[in-house]
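Report on the following structure.
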Amino acid sequence: MDHADVLIIGSGVAGLCAAEYAARENLNVLLVTKEPEPADTNTYYAQGGIIGQCSGDSPELLAADIFNAGAGICNPEAVHKLAQEGPGLVHDFLLETVGVPFSMNGNHVDCTADGA
């Protein structure tokens with residue numbers, strides 16, 4: 001490729017999400033990573049770092065969890081945006097578009113509680 005409209009550095013979930021959305025807009029995407037295997041990413045090795053929303057959860061409860069886990073150094077605007085938009089993006093992109101094989105409980109993602 002001698003021309004790219006978008007350069008994305010990193011092949012983790014953020015980079016792949018950006019590449020997917022740019023490609024949907026018919027942009028030429030160049031994705032680069034330092035690893036010889038594109039799947040060798042921090043995302044692959046993450047231990048529960050995906051924001052989801054389970055039954056009985058709310059953006060307010062999610063924001064409270066993020067603030068607790070952030071030990072006082074969170075950007076409030078970013079936390080509230082993530083709590084509002086994150087779960088829908090996880091569902092739309094990771095489940096529907098990409099088909100990430102999350103553990104399921106019937107028709108729902110199997111939710112667990114994390115440390116916060």
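Source: prediction; values computed, not measured.
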- Item | Nearest non-hydrogen partners of E35 and D40, listed with the distance | CG-O, 3.3 Å
- Query: Given side chains that start at C-beta, do those of V32 and I8 come closer than 4.5 Å, heavy atoms only?
  - Reply: no
- Message: Within the supplied structure, the quantity of interest is the number of heavy atoms (other residues, nucleotides, ligands) at a distance under 6.0 Å from I9 CD1; does it exceed 12?
- Response: no
- Look at the side-chain heavy atoms of Ile, Leu, Val, Met, Phe, Trp and Tyr, link any pair under 4.5 Å apart, and say whether L89 and V100 land in one connected group. yes
- Item | Student check: side-chain heavy atoms of P87 and L62 closer than 4.5 Å | yes
- Query: Which atom pair, heavy atoms only, marks the closest approach of P76 to F67?
  - Reply: CA-CZ, 3.8 Å
- Item | Residues, nucleotides or ligands: over 12 heavy atoms within 6.0 Å of D92 CG | yes
- Heavy-atom closest pair (F93 atom, L16 atom, distance to 0.1 Å) is CZ-O, 4.0 Å
- Message: If you compare all heavy atoms of A83 against all heavy atoms of P59, which two are closest, and at what distance to 0.1 Å?
- Response: CB-O, 3.4 Å
- Query: Between V29 and D5, is any pair of side-chain heavy atoms under 4.5 Å apart?
  - Reply: no
- Linking I/L/V/M/F/W/Y whenever any side-chain heavy atoms sit under 4.5 Å apart, do L95 and Y21 land together? yes
- Note on the structure: Residue set satisfying side chain to side chain contact (heavy atoms under 4.5 Å, CB included) with V13, at least two apart, ordered chain then number -> T43, L94
- Do V6 and L30 touch side chain to side chain, with heavy atoms closer than 4.5 Å? no
- Message: Filter on side chain to side chain donor-acceptor pair (under 3.5 Å), then keep only pairs touching residues 72-87, sequence neighbours left out; what's left?
- Response: K81-E85
- Message: I need the T97 OG1 to H91 NE2 distance, nearest 0.5 Å.
- Response: 10.0 Å
- Query: Minimum heavy-atom separation for V79 to C74, with atom names?
  - Reply: CG2-CB, 3.5 Å
- Item | For the student: nearest non-hydrogen atoms of S11 and L31, plus distance | CB-CD2, 3.7 Å
